[in-house]
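We're numbering straight along the sequence, starting at 1. Just so you know, these numbers use all the heavy atoms, side chains as well, and skip hydrogens, waters and symmetry mates. Note that the structure is a prediction, hence the values are computed from the model and not measured.
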Amino acid sequence: MSANFRRFIGKCGPVFWLQDRVEEVVMWRKGTAYTASWMAAYAFFCYFPRLALLIPHVILLHVLFTTYQSRYPEGACDTLAGGKLADDFAPVSQPTEGTPDWFANLQAIQNLMGTVSDAYDVVSPYLIHLSWSTSTTAPLFAFALLSLFALIPVIHFIPLRPLFLVFGLAPFVITHPYTLSVLPSLLGLVAPHVKAAIQKAVNDDRLREEHWRSRMATVSVWENQRWVTGSGWNTGNLRPDDRKAWTVGEGSWAIANRGEIGAGQNNVRDLTFPLPAGWKFVGTEDWSIDFCANWHQALPDQGASFNQQNGSTC
């Protein structure tokens, strides 16, 4: 461990103290009244933004009043300007290496490193679209350029105060305990549809001109599974008289006898079956999971169920 890193561990305590105070406000950890007061203060500054110029003065006066009360708990002294008071002044104590406070700072640094690494892992897969390495870069550039010129004429009419008010209070609403309790279920309902819309947009962007000039349809494929105690739902649990593991659905193509796919094709990428005359699969697409599908109980056998899993365009 380098000397500078050891020094940093001992001196970074105020940074994480401030982080904890911010989390107390944003995460509603000190009660509704405490966080609501900060929200009201933010709303006040949104409608009177010039008062933000006074924030540095307020912070400095707050620090001076706090240190005054700490230094003179019994009232003012006659020698405020110097003498022994100035000579006896000691800076804020720093934790010594090896103490619990020192290790607490080290743990906070490691947690911050983990948070930054997780954020990088989330963002990095999308950075390739900014390097002109994918087909998404050109539409993204066109959207940014067109929206820039479309925004310039109307930028003067955008109400900044309500805009900053809404976007500033949104994190407080999202992190409210009630919102956090219902948010997973809401995301569970919305996320599949959003993911399907994004996947469709990506697939449409990959289509060639010949595809757009032709009639296109979607092929739905069903994955059939049977429940067995111990292994749960699995295609390997199907009986000889059951449907095969993968079958063509009835919704998109009227194929007789459900168009069963040959046995042994358990990998979705290997699924092949004949199409009606004049149709062929789009070469730029692969099978994709239908995240909006639901489980349906199989009618002939109450012990079996099937799920619409994949679709492709042709």
Side-chain angles (χ1 to χ4, degrees), residues 7-73 76 80-81 86 89-94 101 104-105 108-109 111-120 122-123 126-127 130 140 143-183 186:
R7 293 176 56 202
F8 178 76
I9 295 175
K11 299 178 185 298
C12 67
V15 176
F16 296 109
W17 176 88
L18 179 61
Q19 176 183 339
D20 293 338
R21 302 293 79 77
V22 173
E23 290 180 356
E24 287 177 354
V25 176
V26 177
M27 303 302 296
W28 303 76
R29 293 175 181 172
K30 297 191 71 174
T32 302
Y34 187 78
T35 300
S37 62
W38 281 96
M39 295 173 63
Y42 176 79
F44 185 79
F45 279 110
C46 283
Y47 279 91
F48 301 97
R50 295 183 185 276
L51 293 178
L53 300 175
L54 303 179
I55 292 180
H57 300 78
V58 174
I59 294 177
L60 179 59
L61 291 174
H62 174 72
V63 172
L64 292 175
F65 279 123
T66 303
T67 55
Y68 178 85
Q69 294 176 354
S70 176
R71 190 165 181 78
Y72 306 108
L80 293 177
F89 176 75
V92 180
S93 60
Q94 299 175 5
D101 290 339
N105 290 347
I109 294 174
N111 293 338
L112 180 61
M113 294 166 60
T115 302
V116 173
S117 299
D118 293 340
Y120 178 84
V122 172
V123 174
Y126 302 98
L127 296 180
L130 304 178
L140 181 62
F143 170 78
L145 191 62
L146 293 176
S147 60
L148 173 64
F149 288 106
L151 188 61
I152 290 177
V154 298
I155 195 171
H156 179 72
F157 302 99
I158 297 178
L160 293 182
R161 291 177 181 177
L163 186 66
F164 278 95
L165 177 65
V166 172
F167 281 97
L169 297 181
F172 294 96
V173 176
I174 295 174
T175 57
H176 191 275
Y178 176 77
T179 306
L180 294 178
S181 64
V182 300
L183 191 60
L186 293 177

Between F172 and W28 the two heavy atoms that sit nearest each other are O-NE1, 2.9 Å
**Asked** Is it the case that more than 12 heavy atoms not belonging to F164 sit under 6.0 Å from its CZ atom?
**Response** no
Heavy atoms of C46 and P49 approach each other most closely as O-CD, 3.7 Å
- Query: Can you tell me if N105 uses its side chain to pair, donor with acceptor, with the backbone of I9 under 3.5 Å?
  - Reply: yes
Checklist entry - Is the side chain of T179 donor-acceptor paired with the backbone N or O of T175 at a distance under 3.5 Å, no angle test? => result no
dist H176:NE2 -> L183:CG (nearest 0.5 Å) comes out at 13.5 Å
Value for CZ (F16) from CG (L112), rounded to nearest 0.5 Å, stands at 5.5 Å
- Assess whether side-chain contact (heavy atoms from CB on, under 4.5 Å) is satisfied between I55 and F45, documenting all intermediate values. CA-CA 10 Å; I55 292 180; F45 279 110; 4.1 Å; yes
Smallest heavy-atom separation, G168 atom then P171 atom, equals O-CD, 3.3 Å
Criterion side-chain contact (heavy atoms from CB on, under 4.5 Å) on Y178 and V182, from CA distance to verdict
CA-CA 7 Å; Y178 176 77; V182 300; 4.0 Å; yes
In short, Q94 meets G10 closest at the heavy-atom pair CB-O, 3.7 Å
So side chain to side chain donor-acceptor pair (under 3.5 Å) across residues 34-45, not counting sequence neighbours, yields none
Distance col, row I152:CD1 vs L148:CG, nearest 0.5 angstrom, shows 4.5 Å
Value for NE2 (H57) from CG (L61), rounded to nearest 0.5 Å, stands at 8.0 Å
Any side-chain heavy atom of Q19 within less than 4.5 Å of one from V22? no
Residues passing the side-chain contact (heavy atoms from CB on, under 4.5 Å) test with F48, sequence neighbours excluded, are F44, L51
One should read off an interatomic distance between L151 CG and H156 NE2, to the nearest 0.5 angstrom, of 13.5 Å
Residues at least two apart in sequence or cross-chain that pass side-chain hydrogen bond (donor to acceptor under 3.5 Å, both in side chains) with E24, listed by chain then number, are R21
For S147 and F143, the nearest pair of non-hydrogen atoms, with its separation, is OG-O, 2.7 Å
